[in-house]
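Sequence lines set the chain letters: A, B, ... in the order given, protein chains first and strands last, and positions in each chain run from 1.
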Amino acid sequence: MQKSFFVTTSIAYVNSVPHIGFAMELVQADVLARYHRLKGEKVFYETGTDEHGIKIFRTAADLSMTPQEMVDKNAQRFRDLTKALSISNDFFVRTTNPDHKRGAQKIWQKMAENGEDGKKDIYKGTYEGLYCVGCEAYVLEKDLVDGNCSIHKKPPELLKEDNYFFRLSKYSAQIKELIETDKLKVVPEARKNEILNIIGEGLPDVSFSRPNSMLPWGVPVPGDESQVMYVWCDALSNYITGIGYNGDNEEQNEMFKTFWPAQVHLIGKDILRFHAGVWIGMLLSAGLAIPENIYVHGFITSEGQKMSKSLGNVVDPFEFTEKYGIDPVRYYLLKEIPTTDDGDFSKERFLGVYGSDLANSLGNLVYRVFSMNEKYFEGKIVKKALSAPATLTAPLPELIARYHASINDFDLKSALELVVKLMNAGNEHVEISKPWALAKTDMDKLAEVMYQLLELIRIIAVLLSPFIPTTAEKILAQYGESGKVSDAVGGLDTALIWGQLPEGLQLTKGEPLFPRLEE
RNA sequence: CGCGGGGUGGAGCAGUGGUAGCUCGCAAGGCUCAUAACCUUGAGGCCGGUGGUUCGAGUCCACCCCCCGCAACCA
């Protein structure tokens, strides 16, 4: 049976417009999705937007819009971002979709049914908190200044409200064990330890709903129209509602059976506790399988400083993709930002990487080799070489094995570094074998060298295709049909075997892949 | 005594017990197929500090110093 692979990003909160951090998350997940598709697996890649909650409600009011108008407008920007980055997502879930709402209500019901009478997983309780009328929200004691709300300079009121709670504490020990034993694998290790630390003292029950009167913008609690779901309950359930967990559609149920549980939830480090804690608890309560992996990436600083609107240094992903192209941005995010650690986005480094890695190492290699082949053999492949250049740091199959291992360990940066090694080896091979000299003395040897270079470039392009797909396609297109990587089972593995290019193949030389930047 | 992450050549990083590596930058040389691209060589580090474990520590232990997150927009 064909293996399935379900990968998700977190869903973006549409209170604002997208920035480079979410762009990175999309791109990282896209690499995984594309990689597994090339491996011949049945892939479903889901991303989307989180559109409920008090902040949205309030921001919309400030802008004199209805919440729906505002989320429609902002969600479109996130959809645009997937296009701007060549993201290959199969679905874009929105938590305001009727399908999603039905699914969220369904999992709520399952959870509510679980547990013995009097000790159900969802129970009614009283939430007590300090409420600031000015903020129209609960504030925490530690945020008060001299007992006053720091913004409105007035003391908050002690309010009580009825709402529902989720008995997360019941699942605390079980969740801990799942993470300890890697049945739910949290990557990297440091984040696994962190979450185990948090759970160590036991997870508390969580408030799971709000009175409609306080928060009118959310999914209604089934059977109690006076309450709406806590945003995290609503938001987390997107991972199953997006693949058809909502009950009344056969085709969608089939999809759910195929793709659940997810292989990978890709998230930022700030929301680990919700995913490794609350979400797992919800699934256990509802009797659903739990995801296999949670991959956690870090944050991006801008020019060495934390991105913030007040500093005005928020990096707009659209600005860079429009100006420099999609793949340079993808490449930077994947190679220059550590996959699971914090990294920095600086324009200077971006331009440096564009020049050295993309224009020089890769672009120039492709261009010079195709130019030579055109010059010496009219663009034809005249003789097969049986093996890769001996200048590689390790045998090609070993390098490729390490590439696969890196991707499967969610170390995308290392995988790309291996490919860069191959680019360098290609350029080195040109220097050592001196085709321009061979052209005068030994055409037979020259033909072999050209084959080695062309085959190496083809393999480089295949290896790059999950990362910078547009560029990879451009390169592979120069080989015509022989450059295609079939989506059939084992497509990627076959394409990575040395010697796929046949003798007599006519090649087409392309334009330089990454033109030198003028500034 | 809060929690977590980190301090390695000019910059950015890798390196979890056995002669300190990578990329960029810099210097010199080479080449001419190529997008002034490519290749080679070199300079540059007492691996934050102190003490300890060990035949041997950047790598383990203890203590100390410094930087960054843990409030908000936000991944």
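Note that CD1 of I475(A) and OG1 of T470(A) are 11.0 Å apart. Values are rounded to the nearest 0.5 Å.
Separation of the C1' atoms belonging to A43(B) and G9(B) is 10 Å when rounded to the nearest angstrom. Remark: the separation of the C1' atoms in C73(B) and G51(B) is 46 Å, to the nearest Å. Going from the C1' atom of G12(B) to that of G25(B) covers 11 Å, rounded to whole Å. Rounded to a whole angstrom, the distance from the P atom of G18(B) to that of G30(B) is 41 Å. Spacing of C1' atoms, G49(B) relative to C66(B), comes out at 10 Å, to the nearest Å. Using C1' as the reference atom, C61(B) and U16(B) are 14 Å apart when rounded to the nearest Å. Straight-line distance between the P atoms of U23(B) and A57(B): roughly 29 Å, to the nearest whole Å. Remark: the separation of the C1' atoms in C65(B) and A28(B) is 41 Å, to the nearest Å.
Side-chain contact of Q478(A) with T508(A): a donor-acceptor pair under 3.5 Å is absent, judged by distance alone. In this model, a donor atom of one side chain and an acceptor atom of the other lie less than 3.5 Å apart for E51(A) and T49(A).
Residue contacts for M24(A): at a heavy-atom cut-off of 4.0 Å it reaches no nucleic acid atom on any strand shown. Across all strands, P512(A) comes closer than 4.0 Å to base atoms (heavy-atom distances). G343(A) comes within 4.0 angstrom of no nucleic acid atom, judged by non-hydrogen atoms across all strands. In this structure, A23(A) reaches neither bases nor backbone, as no heavy-atom distance under 4.0 Å exists between it and the strands shown. Among the protein residues, I300(A) comes within range of the nucleic acid bases, having at least one heavy atom under 4.0 Å from a base atom. I432(A) comes within 4.0 angstrom of no nucleic acid atom, judged by non-hydrogen atoms across all strands. Nucleic acid contact class of G352(A) (heavy atoms, under 4.0 Å, all strands): none. Residue contacts shown for F370(A) are absent, as no nucleic acid heavy atom lies under 4.0 Å away.
Straight-line distance from the CG atom of D270(A) to the C1' atom of G4(B): 14 Å, rounded to whole Å. For I198(A) and G5(B), the CD1 to P distance is 12 Å, given to the nearest whole Å. Look at CD on E428(A): it is 11 Å from P on U23(B), rounded to the nearest Å. Here U16(B) presents its C1' atom at 13 Å from CD of E189(A), a figure rounded to the nearest Å. Atom P of nucleotide G4(B) and atom CZ of R191(A) are separated by 12 Å, given to the nearest angstrom. Rounded to whole Å, the distance from CG on L358(A) to C1' on A34(B) is 17 Å. In this structure, K413(A) atom NZ and G12(B) atom P are separated by 13 Å, rounded to whole Å. With rounding to whole Å, N373(A) atom CG is found 14 Å from A34(B) atom C1'.
Here N15(A) reaches the OP1 or OP2 of C74(B): one of its side-chain N or O atoms lies under 4.0 Å away. Distances shown here put every side-chain N or O of R368(A) at or beyond 4.0 Å from the OP1 or OP2 atom of A37(B). Contact check, N360(A) against C38(B): a side-chain N or O comes under 4.0 Å of OP1 or OP2. Considering only side-chain N and O atoms, K434(A) lies nowhere under 4.0 angstrom from the phosphate OP1 or OP2 of C31(B).
With distances taken from any side-chain atom of W436(A) to the nucleotides A75(B), A34(B), C33(B), the minimum falls on C33(B). Proximity note for H297(A) (side chain, C-beta onward) versus C33(B), A75(B), C13(B): the nearest is A75(B). Distances were taken from every side-chain heavy atom of R349(A) (C-beta onward) to each of A75(B), A14(B), G12(B); the shortest belongs to G12(B). Checked against C33(B), C74(B), A75(B), the side chain of V430(A) finds its nearest nucleotide in C33(B). Out of A75(B), C39(B), U35(B), the shortest distance to the side chain of N427(A) is found at C39(B). Taking every side-chain heavy atom of E194(A) into account, G4(B) is the closest of G4(B), C70(B), C74(B). In the set A34(B), U35(B), A72(B), U35(B) carries the atom at the smallest distance from any side-chain atom of L513(A). Residue K375(A) places its side chain closer to C33(B) than to any other of C33(B), A75(B), G69(B).
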- Task: Could you walk me through whether H275(A) and Y239(A) pass side chain to side chain donor-acceptor pair (under 3.5 Å), step by step?
- Result: CA-CA 11 Å; H275(A) 285 76; Y239(A) 298 129; 2.7 Å; yes
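When Watson-Crick and G-U wobble pairs are counted only if both distances are under 3.5 Å, C22(B) pairs with G12(B). Across all strands shown, U41(B) is found opposite A27(B) as a Watson-Crick or G-U wobble partner, with both distances under 3.5 Å. G69(B) and C3(B) make up a base pair, with Watson-Crick or G-U wobble contacts both under 3.5 Å.
Sorted by first and then second residue, the side-chain hydrogen bond (donor to acceptor under 3.5 Å, both in side chains) pairs with a member in residues 14-35 of chain A read S10(A)-E25(A), N15(A)-T59(A), S16(A)-K309(A), E25(A)-H297(A), D30(A)-R34(A), D30(A)-S88(A), D30(A)-R330(A), Y35(A)-H404(A); sequence neighbours excluded.
A donor N or O paired with an acceptor N or O is found under 3.5 Å between the base of C33(B) and the side-chain atoms of E431(A).
Mapping S10(A) and N424(A) onto RNA chain B by nearest heavy atom places N424(A) at the nucleotide closer to the 5' end. For the pair K306(A) and E336(A), nearest-nucleotide mapping onto RNA chain B gives the more 5' position to E336(A).
Ion pair E431(A)/R368(A) flagged as a salt bridge, since at least one NZ, NE, NH1 or NH2 atom sits closer than 4.0 Å to an Asp/Glu carboxylate oxygen.
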Please tabulate, for side-chain N and O atoms in residues 413-421 of chain A, each donor-acceptor pair with protein atoms closer than 3.5 Å (sequence neighbours left out).
| residue | atom | partner | partner atom | Å |
| --- | --- | --- | --- | --- |
| K413(A) | NZ | K335(A) | O | 3.2 |
| S414(A) | OG | D411(A) | OD1 | 3.1 |
| S414(A) | OG | D411(A) | OD2 | 2.6 |

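Of the possible donor and acceptor atoms, one in the side chain of Y451(A) sits under 3.5 Å from a partner among the backbone N and O of L501(A).
At least one cation-pi condition fails for K306(A) and F299(A): the charged atom is not both under 6.0 angstrom from the six-membered ring centre and inside a 45 degree cone around its axis.
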